[in-house]
*Asks:* 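Take a look at this one; I'll ask things after.
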Number of protein chains: 2
Amino acid sequence: MKIRKELAKGSTPLLVLGVLARGEMYGYQIIKTVELESRQVFQMNEGTLYPILHALEMEGLLTSRWVQVEGSARKRKYYQITEKGRKELADERAAWDTYQTAVNRVLGGVQNAAT
Amino acid sequence: MKIRKELAKGSTPLLVLGVLARGEMYGYQIIKTVELESRQVFQMNEGTLYPILHALEMEGLLTSRWVQVEGSARKRKYYQITEKGRKELADERAAWDTYQTAVNRVLGGVQNAAT
DNA sequence: AAATATACCTTGACAATCTATGTATTTCGT
DNA sequence: ACGAAATACATAGATTGTCAAGGTATATTT
């Protein structure tokens, strides 16, 4: 299915861009945030997230910076969404709405919407 | 992501089971029906559909029968949903609702819900 | 007569995700 | 004080769903 492809490709990136649109965040934090906000529905894998973050950065949709945690040896890599990223997010949001609506139409409306 | 997998795996089968829940249909008709009802959003591939139909039949979610088209050499393979198929459909529908809700929550509500 | 639509099917390639693995630091419980 | 679990980054190989392409055949439209 045509749109399925775009959607499948964009499903996780959509969520990533979605949370980053509110402000910079580091990888582990993204996982926890998505987990929390989806009420445990999404348990994003590290092996899924990190390659996506790198890919989005390569595409210029995100930028990143290393931040040293105060009084600690630990470093975190914070990601910020770019203007291009915001445009992509808008596009993917629209695609998601289209997809969502289409599935619900085929299934006979949302749950039991009016006939 | 955990549920993503179920969904990805179940996305097209969900639509197939969804349309077959209304009555028996043959492959080509399923493609056209989904295309029409999704308003051209889904253009299901034959290479995607037929293997799925066969798999669903193997799992006992569908049954099929060949029907000779009246006054023609053409045969069509009609598929019917089974009781087991209806249960599966109910499960997948529920999973879809959960998924949909979770994405919308992470994205901050549907489209531009109240901040 | 040729092109398009209908109708079934399979195979090989590709792309997205997962599991597993690796390294290192920090915190919590006992 | 020690071990387990959580935090935090990353990559590689296997799995899986979908697609493009190819194949066969009939029916309809131009």
Side-chain angles (χ1 to χ4, degrees), chain A residues 1-16 24-36 41-59 62 64-79 92 95-96 99 103, chain B residues 1-17 24-36 41-59 62 64-79 92 95 99 103:
Chain A
M1 297 191 291
K2 282 228 179 72
I3 203 179
R4 187 70 195 83
K5 196 183 175 184
E6 298 161 32
L7 212 274
K9 184 192 156 207
S11 179
T12 306
L14 168 64
L15 296 177
V16 173
E24 67 171 6
M25 239 180 245
Y26 56 95
Y28 196 82
Q29 189 184 8
I30 294 172
I31 291 174
K32 292 301 161 189
T33 301
V34 169
E35 206 169 294
L36 180 72
V41 170
F42 297 130
Q43 263 135 31
M44 208 180 273
N45 249 303
E46 294 184 303
T48 302
L49 178 66
Y50 291 116
I52 285 174
L53 285 173
H54 302 157
L56 293 177
E57 189 173 14
M58 292 275 272
E59 289 173 59
L62 302 179
S64 66
R65 65 187 182 105
W66 282 99
V67 175
Q68 186 74 43
V69 178
E70 297 262 346
S72 161
R74 176 162 288 168
K75 280 181 294 183
R76 288 167 176 162
K77 199 172 180 182
Y78 279 83
Y79 288 89
E92 288 187 24
W96 161 246
Y99 174 74
V103 170
Chain B
M1 296 189 293
K2 282 228 177 75
I3 205 178
R4 187 72 194 84
K5 195 184 176 184
E6 298 162 31
L7 213 275
K9 185 194 157 206
S11 180
T12 307
L14 168 65
L15 296 177
V16 172
L17 290 173
E24 66 172 6
M25 239 180 245
Y26 55 95
Y28 196 82
Q29 188 184 7
I30 294 172
I31 291 173
K32 293 302 161 189
T33 301
V34 169
E35 207 171 296
L36 180 73
V41 170
F42 298 130
Q43 263 134 31
M44 206 179 275
N45 246 301
E46 294 185 304
T48 302
L49 178 65
Y50 290 117
I52 285 174
L53 285 173
H54 302 157
L56 293 178
E57 190 172 12
M58 293 274 271
E59 289 173 61
L62 303 179
S64 67
R65 65 184 182 109
W66 282 98
V67 175
Q68 185 73 43
V69 178
E70 297 263 346
S72 162
R74 176 163 286 169
K75 279 181 296 181
R76 288 166 177 164
K77 198 171 178 182
Y78 280 83
Y79 288 88
E92 288 188 24
Y99 175 74
V103 171

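Keep in mind that this is a model prediction, so the values were computed, not measured. In the text below, chain A, chain B and the rest are named by the order of the sequence lines, each starting its count at 1.
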*Asks:* Whole angstroms only, please: what is the NZ-P distance between B:K75 and C:dC9?
*Replies:*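 Nearest whole value for this atom pair: 10 Å.
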*Asks:* Please work out the stems of DNA chain C from pairs that are Watson-Crick or G-U wobble with both distances under 3.5 Å, keeping only runs of three or more consecutive pairs.
*Replies:*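 DNA chain C forms these stems: C:1-30 with D:1-30.
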*Asks:* How close or far is atom P of D:dT7 from atom NZ of A:K77, stated in whole angstroms?
*Replies:*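 Rounding to the nearest Å, NZ of A:K77 and P of D:dT7 are 20 Å apart.
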*Asks:* Nearest-Å distance, CD1 (B:I30) to C1' (C:dA7)?
*Replies:*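 After rounding, the gap between these two atoms is 12 Å.
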*Asks:* Of A:V34, A:I52, A:N45, which meets side-chain contact (heavy atoms from CB on, under 4.5 Å) against A:T12?
*Replies:*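 Of the listed options, the one satisfying the test is A:I52.
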*Asks:* Quickly work out the B:M44 CE to C:dC9 C1' distance and round it to whole Å.
*Replies:*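 It is 17 Å, rounded to the nearest whole Å.
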*Asks:* Can you confirm whether the side chains of A:Y99 and B:S11 place a donor and an acceptor under 3.5 Å from each other?
*Replies:*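 Distance-only check passes for A:Y99 and B:S11.
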*Asks:* With respect to the phosphate group of C:dT10, does any side-chain polar atom (N or O) of B:H54 fall under 4.0 Å of OP1 or OP2?
*Replies:*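 Checking C:dT10 against B:H54, a side-chain N or O does come within under 4.0 Å of OP1 or OP2.
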*Asks:* Write down the distance between CD1 (A:I52) and P (C:dA16), rounded to a whole number of angstrom.
*Replies:*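 A:I52 atom CD1 is separated from C:dA16 atom P by 9 Å.
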*Asks:* If I take atom CD in residue B:E46 and atom C1' in nucleotide D:dT24, what distance separates them, rounded to the nearest angstrom?
*Replies:*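 About 12 Å, once rounded to whole Å.
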*Asks:* Nearest-Å distance, CD (B:E70) to P (D:dA27)?
*Replies:*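 Going from B:E70 (CD) to D:dA27 (P), I get 13 Å.
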*Asks:* Identify the residue among A:K77, A:E57, A:E24 that makes a side-chain hydrogen bond (donor to acceptor under 3.5 Å, both in side chains) with A:S64.
*Replies:*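 Going through the options one by one, the only one that passes is A:E57.
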